[in-house]
Protein chains: 2
Amino acid sequence: MHNERDNVPYAMNPSSGVPVYRQLMDAVRSDIASGRRPVGSILPSVRLVAKELEINPMTVSKAYSRLESEGLVERLPGRGMRVCARRTQAPISDRRKELEPFARQLVDHAYRLDLDASEIRRVLDPFLAELNHE
Amino acid sequence: MHNERDNVPYAMNPSSGVPVYRQLMDAVRSDIASGRRPVGSILPSVRLVAKELEINPMTVSKAYSRLESEGLVERLPGRGMRVCARRTQAPISDRRKELEPFARQLVDHAYRLDLDASEIRRVLDPFLAELNHE
DNA sequence: ATCACTGTCCTACTACGCTAATACACTTGA
DNA sequence: TCAAGTGTATTAGCGTAGTAGGACAGTGAT
């Protein structure tokens, strides 16, 4: 059922401390964002990915399921996971609220390190620049 | 040996998801930063705090030990934990490096929420303002 | 020396997250 | 209908973080 050309160019690092299923989520997210996996395409099956990466299909399934609850892909029973059209965004105020804990954490740690606002910006800016290039 | 006036006005929330020892660390850090526990003063003993908060002394000890490795307090064997004079800072470049993972995490989540650099700044700014007021 | 304090090492229990193995329901093509 | 392909519910094993209990060493006043 799967396309022979379906390659799975993901490379997981089991000893990085980052759970494998999260690494896989990031890889797939990146593929979708870049268009390598266009809207409507079917992700490689959990068993194929599992075989290539030498991990358990359930680990792949976990990644796929989480991406589904994020709204990036949808489950077609018996067929696979399909990349969704960009979901309707939550209101921007809600999304800002979701971001706040991470902003707070950043500032908390800066405070403990005795780094002021301008230092925070200095550390943050390269990442913001990277964000804009995408 | 301890002063009867040593009150332990901390209130832990065991079901908040935040480990008790971390809540206690934050409370003590706040006391030190505000001057309620001045440099040179001795923290209430682990057993006193444990009794007041109805937790195990080891949990308090864990909080104290971490604060010690942060350099906020020092251990006086047989006597207690004393609030330190502000420790010599690590080089600023090291401290910036320590902050980077949190900056990256913030930007990553913003990306997933489809929030751009200006939105990140908008969310972050109130926290930065708060930081400057202290 | 003794007593009443100090913090903590060591051990163990519990809860939770991550990964894996099996069995199942579903869909499609022959 | 049947075979081969989908994802996953369930269950289990493993490691780790958080918490707790008891024994221990250090300190200082008596």
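Residue numbers start from 1 in every chain, and the chains themselves are labelled A, B, ... in the order their sequence lines are given, proteins ahead of strands.
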Restricting to pairs with a member in residues 97-108 of chain B, which pass salt bridge (Lys or Arg N to Asp or Glu O under 4.0 Å), not counting sequence neighbours?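 For residues 97-108 of chain B: B:K97-B:E100.
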Please list all pairs meeting salt bridge (Lys or Arg N to Asp or Glu O under 4.0 Å) that have one or both residues in residues 19-32 of chain B, counting only residues at least two apart or in different chains.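 Applying salt bridge (Lys or Arg N to Asp or Glu O under 4.0 Å) to every pair that reaches into residues 19-32 of chain B, excluding sequence neighbours, yields A:R112-B:D26, B:D26-B:R29, B:R29-B:E70, B:D31-B:R36, B:D31-B:R37.
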Pick the closest DNA chain C nucleotide for A:G78 and for A:P14 by heavy atoms, then say which residue is nearer the 5' end.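 Closest to the 5' end, via its nearest nucleotide, is A:P14.
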Is any side-chain N or O of B:R79 under 3.5 Å from a base N or O of C:dG7, one able to act as donor and the other as acceptor?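 Answer is no: no donor-acceptor pair is held.
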First locate atom [atom1] of [X], then atom [atom2] of [Y], and finally report the distance between them rounded to the nearest 0.5 Å.
{"X": "B:K62", "Y": "B:L67", "atom1": "NZ", "atom2": "CG", "answer": "13.0 Å"}
{"X": "A:L43", "Y": "A:L72", "atom1": "CG", "atom2": "CG", "answer": "9.5 Å"}
{"X": "A:S41", "Y": "A:M81", "atom1": "OG", "atom2": "CE", "answer": "12.0 Å"}
{"X": "B:L106", "Y": "A:F127", "atom1": "CG", "atom2": "CZ", "answer": "10.0 Å"}

Mind calculating the distance between [atom1] ([X]) and [atom2] ([N]) to the nearest angstrom?
{"X": "A:R82", "N": "D:dG5", "atom1": "CZ", "atom2": "C1'", "answer": "17 Å"}
{"X": "A:K51", "N": "D:dT6", "atom1": "NZ", "atom2": "P", "answer": "11 Å"}
{"X": "B:Y21", "N": "C:dT8", "atom1": "OH", "atom2": "P", "answer": "15 Å"}
{"X": "A:N13", "N": "C:dC18", "atom1": "CG", "atom2": "P", "answer": "16 Å"}
{"X": "A:R47", "N": "C:dT22", "atom1": "CZ", "atom2": "C1'", "answer": "11 Å"}
{"X": "A:M12", "N": "C:dT19", "atom1": "CE", "atom2": "C1'", "answer": "15 Å"}

At a heavy-atom distance below 4.0 Å, what parts of residues 69-76 of chain A sit against DNA chain C?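 Per residue number, the list is empty: none.
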Nucleic acid contacts of residues 53-66 of chain A, taken as heavy-atom distances under 4.0 Å to DNA chain C: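 DNA chain C contact set from residues 53-66 of chain A: A:I55, A:N56, A:M58, A:T59, A:K62.
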Examine A:L53 and A:Y64 and state if one hydrophobic cluster contains both, with Ile, Leu, Val, Met, Phe, Trp and Tyr joined whenever side-chain heavy atoms are less than 4.5 Å apart.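 Hydrophobic grouping puts A:L53 with A:Y64.
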Ignoring hydrogens and angles, tell me if any N or O in the side chain of A:Q23 forms a donor-acceptor pair with the backbone of A:N13 under 3.5 Å.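 Such a contact is found between A:Q23 side chain and A:N13 backbone.
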Is the backbone of A:S30 close enough, under 3.5 Å, to the side chain of A:S34 for a donor and an acceptor to pair up by distance?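 The answer is yes, because a donor-acceptor pair under 3.5 Å joins these two groups.
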Which residue lies toward the 5' end of DNA chain D, B:V20 or A:M81, if each is placed at its nearest nucleotide?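 The residue mapped nearer the 5' terminus is A:M81.
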Going by heavy atoms in the side chains, are A:Q105 and B:Q105 under 4.5 Å from each other?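 Yes - at least one pair of side-chain heavy atoms lies under 4.5 Å apart.
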Using a cut-off of strictly less than 4.0 Å, decide whether A:S45 has a side-chain nitrogen or oxygen near OP1 or OP2 of D:dG5.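 Answer is no, no contact under 4.0 Å.
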Among residues at least two apart in sequence or on other chains, which ones pass side chain to side chain contact (heavy atoms under 4.5 Å, CB included) with B:R95?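 Side chain to side chain contact (heavy atoms under 4.5 Å, CB included) check on B:R95 returns A:L113, A:D114, A:L115, B:Q89, B:A90, B:I92.
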Quick check on contacts: within residues 22-32 of chain B, what sits under 4.0 Å from DNA chain D by heavy-atom distance?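 Going residue by residue through residues 22-32 of chain B, none turns out to have a heavy atom under 4.0 Å of DNA chain D.
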